[in-house]
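Okay, structure first, notes after.
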Amino acid sequence: MLLAPSILAADFARLGAHAAEALHAGGDWLHVDVMDGHFVPEITIGALVAKSLRPLCTDTGTVLDVHLMVERPERQIAFFADAGADVITVHVEACRDPARTLQHIRSQGLRAGITLCPDTPLDRVLEVVRHADVALVMSVVPGRGGQAYIPRSTNRIRRLRKYLDANPCNTLIEVDGGVKAHNAYEIVAAGADVLVVGSAVFRGSAAENVAAIKAAALGVNS
């Protein structure tokens, strides 16, 4: 199980230091949510912020994981590739040709991710998941942090895991939204490989929070 602290919940007045705390505490990936104010209502950050975090990820040996919640994501791939992203994830709802977009990401030497909103049928992702290195299950409505985990997401994770296990691909399942210590074990048991965690890491002691979530995810009493 890999933990991906989401900087959406970090203190942007000290973003570098706050992200470093989470990674030094045991974060495996650093998750960057990019919102354009069109695909989702909020506007967050762009490639310049991702680029500023690249040296931190290099120094800590962690993965820079970029989630594009934007319209026409194919227009942004080159910018985030140049910024040093390791993974770029796009929404199936936003792509004119999801398979081609995933192949474009891979052509940049990056891992390609595909995701979908909670109300989008899972079959939309299953159609193209063989082209993806990561399949991200959104367990909240994308657009803002701090939302509660949608319970039906667990069954979607389980269905996706069953499909991946039955087909010859090494796609990782990532889960984003409302992940906390109290539900981490349920999510991992359903088949998740990567947990995106925001407020549950960045509110309070990152070291204590990361240790608690990882222990909970593995079914260990912390």
Side-chain angles (χ1 to χ4, degrees), residues 1-35 40 42 44-69 80 83-89 110-111 113 115 133-149 153 157 172-188 192-218 220 222:
M1 190 278 300
L2 302 173
L3 192 67
S6 171
I7 66 166
L8 188 63
D11 179 355
F12 273 65
R14 58 183 192 98
L15 178 58
H18 214 182
E21 289 174 20
L23 297 184
H24 287 301
D28 303 288
W29 293 16
L30 188 64
H31 190 80
V32 177
D33 285 310
V34 179
M35 306 180 192
V40 294
E42 297 291 328
T44 55
I45 59 175
L48 289 177
V49 173
K51 185 175 182 178
S52 74
L53 295 167
R54 177 68 259 173
L56 171 62
C57 291
T58 299
D59 291 345
T60 55
T62 52
V63 168
L64 185 56
D65 177 33
V66 174
H67 176 194
L68 296 181
M69 287 176 269
F80 284 93
D86 295 301
V87 180
I88 295 179
T89 296
L110 310 179
R111 280 180 274 181
T115 186
D133 302 289
V134 177
L136 173 58
V137 175
M138 288 300 301
S139 45
V140 297
V141 176
R144 59 183 177 84
Q147 300 180 67
Y149 180 83
S153 304
I157 298 163
L172 296 174
I173 297 177
E174 186 173 12
V175 179
D176 183 0
V179 179
K180 312 285 185 184
H182 72 82
N183 59 16
Y185 181 76
E186 168 193 340
I187 295 167
V188 171
D193 302 294
V194 184
L195 302 183
V196 178
V197 185
S199 58
V201 165
F202 286 108
R203 290 180 184 171
S205 166
E208 293 178 3
N209 291 339
V210 168
I213 294 165
K214 285 197 167 188
L218 298 173
V220 177
S222 56

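- At a threshold of 4.5 Å between non-hydrogen side-chain atoms, the residues F202 and H18 count as touching.
- Taking a 6.0 Å sphere around NZ of K51, one finds it holds 12 or fewer heavy atoms contributed by other residues, nucleotides or ligands.
- Looking at V87 and F80, their side chains never come closer than 4.5 Å, going by heavy atoms from C-beta outward.
- In terms of heavy-atom proximity, V201 sits nearest to A22 at CG1-CB, 3.9 Å.
- The two atoms that bring I88 and L110 nearest to each other are CD1-CD1, 3.6 Å, heavy atoms only.
- Between E21 and R14 a salt bridge is recorded (basic side-chain N to carboxylate O distance below 4.0 Å).
- Heavy atoms only, all atoms of each residue included: V175 and S139 are closest at CG1-OG, 3.6 Å.
- Looking at heavy atoms from C-beta onward, M69 lies out of side-chain contact with E42 at the 4.5 angstrom threshold.
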Going through the distances and angles, do I157 and I173 end up as a side chain to side chain contact (heavy atoms under 4.5 Å, CB included)?
CA-CA 8 Å; I157 298 163; I173 297 177; 4.3 Å; yes

Given side chain to side chain contact (heavy atoms under 4.5 Å, CB included), test V137 with E174 step by step and report yes or no.
CA-CA 6 Å; V137 175; E174 186 173 12; over 6 Å; no

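- The distance from the CD1 atom of I213 to the NZ atom of K180 is 8.0 Å, given to the nearest 0.5 Å.
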Before you tell me yes or no, could you show the steps for D65 and H67 under side chain to side chain donor-acceptor pair (under 3.5 Å), namely the whole-Å CA-CA distance, both residues' side-chain angles and the distance that decides it to 0.1 Å?
CA-CA 7 Å; D65 177 33; H67 176 194; over 6 Å; no

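- Between R54 and D86, at least one side-chain nitrogen of the basic residue sits less than 4.0 Å from a carboxylate oxygen of the acidic one, meeting the salt-bridge criterion.
- Heavy-atom minimum distance, A207 versus A25: CA-CB, 3.5 Å.
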Between I187 and L195, does the side chain to side chain contact (heavy atoms under 4.5 Å, CB included) criterion hold? Intermediate values first, please.
CA-CA 8 Å; I187 295 167; L195 302 183; 3.5 Å; yes

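- The shortest side-chain heavy-atom distance between L56 and L23 falls under the 4.5 Å cut-off.
- Under the 4.0 Å criterion applied to side-chain N and carboxylate O atoms, K214 and D28 are assigned as salt-bridge partners.
- Proximity of D176 to H31: side-chain heavy atoms (C-beta onward) are separated by under 4.5 Å at one or more points.
- By the 6.0 Å contact criterion, OH on Y149 is enclosed, its count of non-hydrogen atoms from other residues, nucleotides or ligands being greater than 12.
- You'll find the side chain of L172 stays beyond 4.5 Å of the side chain of D133, heavy atoms only.
- Of the possible donor and acceptor atoms, one in the side chain of T44 sits under 3.5 Å from a partner among the backbone N and O of M35.
- For the pair G143 and V40, the tightest heavy-atom approach, listed with the atom from each and the gap, is CA-CB, 3.8 Å.
- Proximity of a side-chain donor or acceptor of S199 to a complementary backbone N or O of A9 within less than 3.5 Å is not detected.
- Inter-residue side-chain proximity for L30 and L53 is flagged as met; some heavy-atom pair is nearer than 4.5 Å.
- Looking only at side-chain heavy atoms (C-beta outward), L136 and V194 stay at 4.5 Å or farther from each other.
- In terms of heavy-atom proximity, A85 sits nearest to V66 at CB-CG2, 3.7 Å.
- S6 places no side-chain N or O within donor-acceptor distance of the main-chain N or O of V197, the cut-off being under 3.5 Å.
- Applying the side-chain contact (heavy atoms from CB on, under 4.5 Å) test between V34 and each of L8, T89, L68 identifies L68 as the sole match.
- The backbone N or O of V179 lies less than 3.5 Å from no partner atom in the side chain of N183, so there is not a single donor-acceptor pair.
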Might you work through the side chain to side chain contact (heavy atoms under 4.5 Å, CB included) test for V49 and V32, ending with a clear yes or no?
CA-CA 9 Å; V49 173; V32 177; 5.7 Å; no

